[in-house]
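One structure below.
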Number of protein chains: 2
Amino acid sequence: MLRLTKKADYGLMALKYLAEQSPAPVPASAKDIADAYHIPPQLLAKILQTLAKAGLLVSHAGTNGGYALARSAAEISAFEVIRAIDGPLFITSCITIHGTCDLAGHCTIKEPLRKVNDSIKDLLSAIRIADLAEAPDTEHYAASVGGGLISIAV
Amino acid sequence: MLRLTKKADYGLMALKYLAEQSPAPVPASAKDIADAYHIPPQLLAKILQTLAKAGLLVSHAGTNGGYALARSAAEISAFEVIRAIDGPLFITSCITIHGTCDLAGHCTIKEPLRKVNDSIKDLLSAIRIADLAEAPDTEHYAASVGGGLISIAV
DNA sequence: ACTATCTAAGACCGTTTCGGTCGGAATTCC
DNA sequence: GGAATTCCGACCGAAACGGTCTTAGATAGT
Ligand code: FES
Ligand code: FES
């Protein structure tokens, strides 16, 4: 129902990789990260370029070049990564950049869903990539963050 | 980033329509609902069929036939509708029905994202069809439900 | 029994998105 | 200068999405 693209998935993995070995004396090349997770190197390269263009990574060309985090791992949220890669898409198919929808007027569903969208955005924004990196023990981590600790005030 | 398909959107609209005029003396035909929102009748018909098969609607064939809610509008959540239409997709591209992912092992990103997925599911589950129907004044409704009232305990 | 109306079911198709590849140009270090 | 590596855009196949069409089957009214 709600799908995160594989590219965004790869992007998060790459960010986590960089966060784990920082401060890095030498930036990590796209190939290094791709090898570590067994994902297509060329695809990962393009994702990293996108991330760099979005200001989340700093790139360094040339021999021994590579990518490094632009900010501290604690200051980068999962939401930023996803938006940088997948674009500013929204939960409802109608809320596009052109604020008008072809169904506007005879559709009262839009407004409530937009609020859901915002809530999800808040949720994603609260997750920083430092949270991912500092969780080698997935079971224990799941217990600390998961567990339906979310509450909605109606 | 997180997209709700247009089909699910239509499905929610149809559910809302049915909730508004209940208890209905006569079930609403697919064409009635399609006309009300100016959406393709045949497409809406197929969506309603899916919803009926999922047990959210009851269908009645024949003259003056149509669809009606299977339960009270307050007992149907948006989550059920979305899952019925878009299928049991998950936020991460890897959490498929076959629990194993090709990247399993070298990917610590999975578990945290699964928790986010669950949180979104909870959020959607808390929204009932009745909430949509009883909100003719969208502005006022938005204030009562939206507004970042979501809180995450970390 | 007949017929009009409506759902049920599925094949089908055009367009877009997604995942992934390729090739070439520019940059930096040795 | 040469090797490594980022940068950029074009490209492609497969899948999903949105939508249409056709046929069959159920029901109510006459
Ligand atoms: S689908 Fe665009 S306003 Fe509801
Ligand atoms: S993408 Fe499948 S386990 Fe992370």
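Every chain is numbered from 1 and lettered A, B, ... according to where its sequence line falls, protein lines coming before strand lines.
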Do the side-chain N or O atoms of A/Y10 get closer than 4.0 angstrom to the phosphate oxygens (OP1, OP2) of C/dG20? yes
Thinking salt bridges, do B/D118 and B/K121 make one under a 4.0 Å N-O criterion? no
A/A52 or B/D86, whichever maps to the more 5' nucleotide of DNA chain D: A/A52
Rounded to the nearest angstrom, tell me the gap between atom CD1 in A/I47 and atom P in D/dC7. 14 Å
So which pairs with a foot in residues 69-82 of chain A pass salt bridge (charged side-chain N to carboxylate O under 4.0 Å, His left out), sequence neighbours left out? A/R71-A/E80
In whole angstrom, what separates B/Y67's OH from C/dC6's P? 12 Å
Would you tabulate the side-chain donor-acceptor contacts of residues 42-57 of chain B under 3.5 Å, counting partners in other chains and residues two or more places apart, or write 'none'?
| unit_1 | atom_1 | unit_2 | atom_2 | d |
| --- | --- | --- | --- | --- |
| B/T50 | OG1 | B/K46 | O | 3.0 |

Find the distance A/L51:CG to D/dC7:C1' and express it as a whole number of Å. 15 Å
Looking across every strand, which nucleic acid part, if any, lies under 4.0 Å from A/A45 by heavy atom: base, sugar-phosphate, or nothing? nothing
Can you pull the salt bridge (charged side-chain N to carboxylate O under 4.0 Å, His left out) pairs that have at least one residue in residues 29-41 of chain B, sequence neighbours excluded? B/K31-B/D35
Expressed in angstrom and rounded to an integer, what is the separation of B/D32 atom CG from C/dC6 atom P? 8 Å
Taken in chain and number order and not counting sequence neighbours, the residues that satisfy side-chain contact (heavy atoms from CB on, under 4.5 Å) with A/T63 are none
Would you say the side chain of B/Y67 lies within less than 4.5 Å of the side chain of B/S59, judging by non-hydrogen atoms? yes
State, yes or no, whether a side-chain contact exists between B/I129 and B/L12 at a heavy-atom distance under 4.5 Å. yes
May I have the distance from A/Q49 (atom CD) to C/dA25 (atom C1'), rounded to whole angstrom? 12 Å
Please give, in whole Å, the distance from D/dA14 C1' to A/K6 NZ? 12 Å
Polar atom pairs between nucleotides 21-23 of chain C and protein, under 3.5 Å, N or O only, would you list them?
| unit_1 | atom_1 | unit_2 | atom_2 | d |
| --- | --- | --- | --- | --- |
| C/dT21 | O4 | A/K46 | NZ | 2.8 |

Expressed in angstrom and rounded to an integer, what is the separation of A/I39 atom CD1 from C/dC18 atom C1'? 15 Å
Evaluate the side-chain proximity of B/N117 to B/L113: yes if any heavy-atom separation is below 4.5 Å, no if none is. no
Salt-bridge criterion met for B/D9 and B/K6 (N-O under 4.0 Å): no
Here's a test of your reading of the structure: between A/A8 and B/K31, which maps to the more 5' nucleotide of DNA chain C? B/K31
Residue-level proximity of residues 56-66 of chain A to DNA chain D when a heavy atom falls under 4.0 Å: A/S59, A/H60, A/A61, A/G62, A/T63, A/N64, A/G65, A/G66
Using whole Å, report how far CG of B/L44 lies from C1' of C/dA9. 17 Å
Can you figure out which of C/dC6, C/dG19, D/dT6 approaches the side chain of A/T5 most closely? C/dG19
Any side-chain N or O of B/R3 less than 4.0 Å from the OP1 or OP2 oxygen of C/dC18? yes
